[in-house]
Novice: 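What follows is a structure written as structure tokens; I'll ask about it next.
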Amino acid sequence: MSDGAGRPPAIQIFDVKKSFDHGLVNALNGVTLTIGQGEWVALVGPSGCGKSTLLHLLAALDSPTSGRILVNGNDISGLPSLNRYRRFEVGLVFQLHNLLPNLTAIQNVEVAMFANGLKHSEQGERARNLLAAVSLSHREKVRPPGLSGGERQRLAIARALANNPSIILADEPTGALDSASAETVLDLFRRIRNERGVTILLVTHDREVAAAADRIIYMRDGRIVEPSLAAPAG
Amino acid sequence: MYFVSLTARNVYTRKVRSSLTGIAIAISIAVVVTMGVLTHSLRRTAISILRTGDADFSVAQKGVSDVIYSSVDEKDVDLIGSYEGVENAIGVLVDMTKLDEDHPFFLKLGIPPGDLEAFGVQIVAGRKYEPDSQTEIMLGYRAARDLGKTIGDQVVIDDDTFDVVGIYSTGQVFGDAASMMSLVGVQTEERKPGVVTLVFVRAVEGANLDEIRARIEYDRPELATVRTESEFGRIDRNLELISAANIGVSALALIIGAVSILNTMVLSVFERTREFGVLRAIGWSRMRVLLCVMMEALVVSLTGAMVGVGAGFVAVEILARSPDLVGVFQPDYPGGVFGRALAIAFGMAFVGALYPAARAALLRPLDAIRHE
Ligand SMILES: Nc1ncnc2c1ncn2[C@@H]1O[C@H](COP(=O)(O)OP(=O)(O)OP(=O)(O)O)[C@@H](O)[C@H]1O
Ligand SMILES: [Mg+2]
């Protein structure tokens, strides 16, 4: 399976299971899913259904108990360097922004760029461009505690884009935001998808947020289910 | 942003804590510098006595508190001179006096004029003193130049006036900065008849030095032979003690500094568990996390060390001016002391930061991100 340009799908997940506590908790019970290049997918489901767990597996922060995950055609269990994968292949956005409070906005972007092959001046240049892309140029020297919730989340997105990843993985990126801020963040996702062709997997409780995506996938009890079977999310 | 800027920034963020750690390190380093300069300066004075003549090794009384108090019977000089393999043994009575503020340790060597050549002394101007003269003196050419004296002039040492009859050169810096007069003259003046301080021994070509030394120490157990500076402690207990204290102080400083660093860095890593988890999740390697913590420790310890070296300087200068020590202690700042301070600062950072850095590096990113 490949897209028109002959590239493999961005993400292919084959019967992935994940259990915790020696099998006492089955967070994922056989997930199979394919996401195309440049596609924006929202993952919806009730609390505890395994959304974050799936995202962590995709970010190579954890490994599945069984099953296979291919990213851009490569099995991520056989990666030569997890660090390189986390740095160059995927960009992570968390519910809580997880920025470094003592660094300025631009430094928070640059912190992801050490030893990425760019010259120091090029790193600064790219960080500035990313701040412009998320409309934070005027806040370059401000530290996260001085930013609003929406601004922080936009900054987190800029950091996720620091090394030009092909995939953005976002876990409840609007969960802590009011609806106006959430709207600007969603606009931003739309724009980076359209302008950069980035593939986005966005986890949310919120069906309105999910509606902004190209496709919505419903999860329940560690499985992907038909929309009709998904419980209404809170 | 450079990596160093990031680490400096992290240190700066914890100003109070970093400063307190830095102060502990500065004090330790200041003590290291002060002790180092003190030891070096005293050692230099002591070594200068050994380095006045040209010999294969020296003999002195064993275990005296200061080499200047060594007392060797002139008969033993003859005995050593009679050993097989010994070319000559020259007994020298050393008197150390304060000439003036600039010359707190002026050496006067009592040595028979007949032994001067064997001792490596060349007369560059004038003549030798008479064998039993108590008023004639020769100056080393450095001393003469330094004091502005020449043949025919007089010098006053310890209220006694001496006539300069010759200028000599030994090729040894310390010897050339000293003075020489007849052995009998110094013995009379010091009320030490028949006694010398040191015996300078020269062996014949190809003789086994160790054998000769062993024989001397066997025949005369109260004597010790010294060949190198490191053996000097055998005939100068004070120097040995202060050298040991110096090493002890350095070791203590290293431990105190390392524990201070350990304390701050453990705390700082614990507080930033989540931060390190995030950094690992966005692609930082374990190595970079390790380096980050290590470099923060290094920034603190090197800054502390810089302040400490400055404080050490001040302490040394104050010591040198204290009425009790004027003349006894003339500070000399060898590069080695600062090298050691720097090495200790690096050691503190490395030893102290190793455990917290390893902890931070070994965190599982997911656990760290969940950490509250
Ligand atoms: N490290 C872990 N150890 C034990 N159990 C875990 C661990 N991580 C997740 N779980 C369990 O796995 C299940 C799925 O958790 P997950 O965080 O993926 O849910 P979620 O869909 O993201 O929920 P939420 O919407 O509340 O964020 C839950 O029952 C959770 O308790
Ligand atoms: Mg979750």
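Here is how names work: the chains are called A, B, and so on, in the same order as the sequence lines, proteins then strands, and each is numbered from 1. Below, each value reflects all heavy atoms present in this structure, side chains not excepted, and no hydrogens, waters or symmetry copies.
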Novice: Give the interface residues of residues 288-312 of chain B toward chain A, defined by a heavy-atom separation under 4.5 Å.
Specialist: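 Against chain A, the residues of residues 288-312 of chain B that fall inside the cut-off (heavy atoms, under 4.5 Å) are R288(B).
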Novice: Can you confirm whether F20(A) is buried at CZ, in the sense that more than 12 heavy atoms of other residues, nucleotides or ligands lie under 6.0 Å from that atom?
Specialist: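 Yes - once you tally the heavy atoms of other residues, nucleotides and ligands closer than 6.0 Å, there are more than 12.
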Novice: Taking OH in Y2(B) as the centre, count heavy atoms belonging to other residues, nucleotides or ligands within less than 6.0 Å. Is the count above 12?
Specialist: no
Novice: Heavy-atom distances under 4.5 Å only: say whether A115(A) touches chain B with side chain, backbone, both or neither.
Specialist: both
Novice: What part of A59(A) lies closer than 4.5 angstrom to a heavy atom of chain B: side chain, backbone, both or neither?
Specialist: neither
Novice: Is it the side chain or the backbone of L92(A) that comes within 4.5 Å of chain B heavy atoms, both, or neither?
Specialist: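 Only the side chain of L92(A) comes within 4.5 Å of chain B.
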Novice: Answer with yes or no whether the side chains of R286(B) and N83(A) bring together a donor and an acceptor at under 3.5 Å.
Specialist: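 N83(A) vs R286(B): no donor-acceptor pair found between side chains.
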Novice: Please indicate whether F350(B) has more than 12 foreign heavy atoms, meaning atoms of other residues, nucleotides or ligands, lying under 6.0 Å from its CZ.
Specialist: no
Novice: CE/M1(B) to CG/N108(A) distance, rounded to the nearest 0.5 angstrom?
Specialist: 8.0 Å
Novice: Quick one: what part of V111(A) sits under 4.5 Å from any heavy atom of chain B, side chain, backbone, both or neither?
Specialist: both
Novice: Quick check: do S5(B) and Q107(A) have side-chain heavy atoms less than 4.5 Å from each other?
Specialist: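 No, too far: nothing below the 4.5 Å cut-off.
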Novice: Among N102(A), L100(A), L103(A), which residue satisfies the side chain to side chain contact (heavy atoms under 4.5 Å, CB included) criterion with T13(B)?
Specialist: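 When N102(A), L100(A), L103(A) are each tested with T13(B), the side chain to side chain contact (heavy atoms under 4.5 Å, CB included) holds only for N102(A).
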Novice: Using a cut-off of under 4.5 Å for heavy-atom pairs, which of E110(A), H56(A), H120(A), R84(A) has the most such pairs with chain B?
Specialist: H120(A)
Novice: Identify the residues of residues 241-268 of chain B whose heavy atoms come closer than 4.5 Å to a heavy atom of chain A, ordered by number, or report 'none'.
Specialist: none
Novice: If we define contacts as heavy-atom pairs under 4.5 Å, which of I106(A), N116(A), L61(A) has the most with chain B?
Specialist: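 Of the candidates given, the most pairs with chain B belong to L61(A).
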Novice: To the nearest 0.5 Å, tell me how far W284(B) CH2 sits from R86(A) CZ.
Specialist: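 One finds 14.0 Å between CH2 of W284(B) and CZ of R86(A).
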Novice: When you compare the side chain of V278(B) with that of R159(A), does any pair of heavy atoms fall below 4.5 Å?
Specialist: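 Side-chain contact under 4.5 Å: yes.
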Novice: Please flag which part of I282(B) lies under 4.5 Å from any non-hydrogen atom of chain A: side chain, backbone, both or neither.
Specialist: both
Novice: If you count heavy atoms of other groups shown closer than 6.0 angstrom to CZ of R193(A), is the number above 12?
Specialist: yes
